[in-house]
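Below is one structure, written out as structure tokens; comments come after it.
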Amino acid sequence: MITKKNLLTALLFLFVSCPMWSQILKSSGIIVKAGKGEIAYNTPTHIDNMDTDIKNSYIKGKAALEFGYRFRLQPNKSRFFYDIDASGGYSKYEYAMNFLPKENTQYTGSFSLTGMANYNIFKGLNIGLGVQPTVYIWEEKFFDIPLLAKVSYDLKYVELGFSYKYGLTRNYKVPLFKDNRLSQWQFSIYIPLWKK
């Protein structure tokens, strides 16, 4: 659910990131990310007067895919550069309780806008930190602003990256589970279509 606090945080992020647009556009192109999601959760001890087997109840992230477009900005003579990604994604999760006869599968859609500050450590090796305001869509929509950490290597014509996204809210609703938080690790391939 989109709250005033989350909306104000997203607007503040966009306001703070506006000066980056005055920097020099270094490249732009397609970004593809694939990984595995994680959910932090608490299992209830009782459901409908039945005791749950906490050890055999779980939610597992299976697969996560995101596709989008990246704009890379870099000031002249600086080792710092900035990425802005607009992307859409799809995630798969499985969950089970001890008294359920089978596993259940849940698919979640998402739309996000990512902002990252990156630093070139050595030649093509980079690290970055950022945020990814995201709207998740399943039975109900909800909003989160996960924190991101990334390590990438630029191979000139393609950049390979590994990132971890940590959700800050516990609004993800899965039947029978409480206080769910979405987090995700991903491998990414950035293919610049234009470069200076």
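Everything numeric here is computed off the predicted structure, so don't read it as measured data. Atom set for the values below is all heavy atoms of this structure, side chains included, hydrogens, waters and symmetry mates excluded.
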So, the side chain of K195 versus the backbone of K156: is there a donor-acceptor pair under 3.5 Å, distance only?
-> yes
Report the C-alpha distance between N126 and N120 in whole Å, list the side-chain angles of each, state the deciding distance to 0.1 Å, and finish with yes or no for side chain to side chain donor-acceptor pair (under 3.5 Å).
-> CA-CA 4 Å; N126 310 303; N120 179 255; 2.8 Å; yes
Proximity of Y93 and Y95 rings by center, below 6.0 Å = no
Just jot down the side-chain hydrogen bond (donor to acceptor under 3.5 Å, both in side chains) partners of Y136, sequence neighbours excluded, or say none.
-> none
Taking every non-hydrogen atom, the tightest pair across A64 and S91 = CB-OG, 3.8 Å
Do Q132 and Q184 pass the side chain to side chain donor-acceptor pair (under 3.5 Å) test, and can you show the C-alpha distance, the side-chain angles, and the key distance before you say yes or no?
-> CA-CA 12 Å; Q132 187 178 34; Q184 221 171 65; over 6 Å; no
Please check if the side chain of R79 supplies one atom and the backbone of I121 the other of a donor-acceptor pair under 3.5 Å.
-> yes
Working for ring pair (Phe, Tyr, Trp, His ring centres under 6.0 Å), residues Y82 and F80 | CA-CA 7 Å; Y82 306 93; F80 285 97; 7.2 Å; no
Side-chain donor or acceptor of D85 paired with backbone N/O of T114 under 3.5 Å = no
Nonpolar side-chain network containing Y190, other nodes, edges under 4.5 Å = I31
After noting the C-alpha distance and the side-chain angles of Y69 and S28, does the key distance pass the side chain to side chain donor-acceptor pair (under 3.5 Å) rule?
-> CA-CA 7 Å; Y69 199 84; S28 70; 2.9 Å; yes
Do K150 and D83 sit within salt-bridge range, that is, some charged N less than 4.0 Å from a carboxylate O?
-> yes
Residues E38 and K165 bridged, charged N to O under 4.0 Å | no
Side-chain contact test, heavy atoms from C-beta onward, threshold under 4.5 Å: evaluate it for L160 versus L155 and give yes or no.
-> yes
Under a single-linkage definition using a 4.5 Å side-chain heavy-atom cutoff for Ile, Leu, Val, Met, Phe, Trp and Tyr, are V158 and L125 assigned to the same hydrophobic cluster?
-> yes
If you measure from CG on N118 to CD on Q74, what distance do you get to the nearest 0.5 Å?
-> 9.5 Å
Criterion side chain to side chain donor-acceptor pair (under 3.5 Å) on S112 and S87, from CA distance to verdict | CA-CA 6 Å; S112 63; S87 58; 3.1 Å; yes
